[in-house]
Amino acid sequence: MKIDFIAGARPNFIKIASIIHAVDTLNLKEIKYRLVHTGQHYDKNMSGNFFDQLNIPNPDINLEVKSGSQSEQTGKIMIRYESLLKNNPTDFCLVVGDVNSTMACSIVAKKMNTKVIHIEAGIRSWDMTMPEEINRIVTDSITDYFFTTSVLASQNLTNCGVPKHKIFFVGNTMIDTLMRFKKDFLKPSIWDKIKLKKKSYIILTLHRPHNVDFKEQLHSIIKEILYSAKNIPVIFPVHPRTAKQLNTIHFDNPNLHLISPLSYLEFNYLVERSMAVITDSGGISEETTVMNVPCMTLRNNTERPETVKYGTNEIIGASTKLIKPMLEKLILGNWKSGQAPALWDGKSGDRIIQTIINLKK
Ligand code: UD1
């Protein structure tokens, strides 16, 4: 059985690591995988470090698409992946998550009669202004086998008419990787540099277009956080998309610490010891849920409602209105505690691989 594992952007590497470790651990000779990196993320900080730290083998193929508009990036991935499949076909194409690489490769594979496997299928924000929601819907509309992280995601698929026997509720590969590497978390240099102490600082991450592509919005979010956090240090590892805007804004506040994107092991070292995380990421709200760290999501919705229902996440909106009351609640020590949702137990990759070996080509 030949399978392409597709990974293109930072959160993909964390998910694909779990699948690769499962193939290695189960030592299944039936599975011959080829790791295809689309090159959507290409910086050492956004890509290379993740391969090194998570013991992901070097990609067999790198499509090297790099950045571009949504369509340019998607188009380039499609053209290059199609050429690869023409010359070297595969039986299955396994995609993870919801980035442009996920959608682009699944379309190409399906049109070449290659079966598509989608990991993290069925989640929905119902917000069609997000490129990720479009990627999820398009990918799921042509997927053959669906692996889900929650019962709700499975239900979303059955509501769209997907037959139940094609849906496998297996849990969360991102949490597999978190659990596997927890013992290896690495202290980043900022810890000693500014003398951080456990539970005494906040982490901020922002990269969604609605938060970072407009200077005024980005400025007012950061200003409100600094004002409401009083003297609590705010550590902000800046995503390259955000850096472009941030370079044009000046903040004169000693509590704001702008740093480059951290490696996986360093970032999660900081998260585990933080007082809270303020973010617009979906994946981070899953990790904070499992680590029982308060999380505030700067979006109007989430495709991961279990992080709110069972976890530590609160959706505080895309405006700045709730930042102050939510930070007051945090500082008073009134934040809810979280527990891991069903099957977020570190074994999802094994379940996926054990299911895949029984699939028909
Ligand atoms: C992408 C994903 C998003 C995911 C995020 C994680 C889509 C639609 N979006 O958003 O779902 O949560 O990755 O980071 O696929 N850049 C660099 N170096 C890099 C990568 C990007 O400088 O290694 C810059 C590029 O100039 C690019 C910008 O960052 O213009 C944005 O990158 P892109 O891949 O288009 O989307 P993200 O915002 O990273």
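Values reported hereafter were calculated over all heavy atoms of this structure, with side chains retained and with hydrogens, waters and symmetry mates removed. First listed ligand is number 1; within each ligand, the first listed atom is number 1.
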Subject >> Closest approach of any protein heavy atom to atom 17 (C) of ligand 1, naming residue and atom >> reply: Y42 OH, 3.3 Å
Original post:
With backbone taken as N, CA, C and O and side chain as the heavy atoms from C-beta onward, which portion of H239 lies under 4.0 Å from ligand 1: side chain, backbone, both, or neither?
Top reply: side chain
**OP:** Step through it carefully: locate the ring centre of H257, locate the ring centre of Y201, and say whether they are under 6.0 Å apart.
**Re:** no
**OP:** Using a strict 4.0 Å cut-off to heavy atoms of P11, name the atoms of ligand 1 that fall inside it.
**Re:** 6 (C)
Subject >> Pair E132 + R208, salt bridge at N-O below 4.0 Å >> reply: yes
Original post:
Between E72, K44, Q40, R10, which one has a non-hydrogen atom sitting closest to atom 34 (O) of ligand 1?
Top reply: Q40
Original post:
Under 6.0 Å from the NZ atom of K110, do we count more than 12 heavy atoms belonging to anything else shown?
Top reply: yes
Original post:
Starting from atom 10 (O) of ligand 1, which protein heavy atom do you reach first, and at what distance in Å?
Top reply: H207 CD2, 4.2 Å
Original post:
Which protein heavy atom lies closest to atom 3 (C) of ligand 1, and at what distance to 0.1 Å?
Top reply: E132 OE2, 3.2 Å
Subject >> Atoms of ligand 1 close to Q73 [distance to a heavy atom under 4.0 angstrom, numbered from 1] >> reply: 34 (O), 35 (O)
**OP:** Only one of N253, I278, L226 passes side-chain contact (heavy atoms from CB on, under 4.5 Å) with V234; say which it is.
**Re:** L226
Original post:
Hey, are D127 and R299 close enough for a salt bridge, meaning a charged N less than 4.0 Å from a carboxylate O?
Top reply: no
Original post:
Are K336 and V308 close enough that some pair of their side-chain heavy atoms sits under 4.5 Å apart?
Top reply: yes
Original post:
Side chain, backbone, both or neither: which part of H41 comes within less than 4.0 Å of ligand 1 when only heavy atoms are counted?
Top reply: both
Original post:
Between the candidates K244, Q70, R241, which shows the shortest non-hydrogen contact distance to atom 26 (O) of ligand 1?
Top reply: K244
Original post:
Are side-chain heavy atoms of R136 and M130 found at a separation under 4.5 Å?
Top reply: yes
Subject >> Which residue and heavy atom of the protein sit nearest atom 27 (C) of ligand 1, plus the separation >> reply: S67 CB, 3.6 Å
**OP:** Please confirm whether S47 comes under 4.0 Å of ligand 1, counting heavy atoms of the residue only.
**Re:** no
Original post:
Do E266 and K187 meet the salt-bridge criterion of a basic N to acidic O distance under 4.0 Å?
Top reply: no
Original post:
Atoms of ligand 1 less than 4.0 Å from M46 heavy atoms?
Top reply: 14 (O), 19 (C), 23 (O)
In a table with atom names and distances, give each donor-acceptor pair under 3.5 Å that connects a side chain of residues 156-164 to protein atoms at least two apart or in another chain.
| unit_1 | atom_1 | unit_2 | atom_2 | d |
| --- | --- | --- | --- | --- |
| N156 | ND2 | G122 | O | 3.0 |
| T158 | OG1 | S154 | O | 3.4 |
| T158 | OG1 | Q155 | O | 2.9 |
| N159 | ND2 | Q155 | O | 3.4 |

Original post:
Which residue supplies the protein heavy atom nearest to atom 8 (C) of ligand 1, what is that atom called, and how far is it?
Top reply: N100 OD1, 3.3 Å
Subject >> Heavy-atom nearest option to atom 2 (C) of ligand 1, drawn from V65, T102, T205, V99 >> reply: V99
Original post:
Of all the atoms in ligand 1, which lie at a distance below 4.0 Å from a heavy atom belonging to P240?
Top reply: 16 (N), 17 (C), 18 (N), 22 (O), 24 (C), 29 (O)
Original post:
With atoms numbered from 1 as shown, which atoms in ligand 1 lie under 4.0 angstrom from a non-hydrogen atom of D43?
Top reply: 17 (C), 18 (N), 19 (C), 22 (O), 23 (O)
Original post:
Below 6.0 angstrom between ring centroids: does that apply to F13 and F51?
Top reply: yes
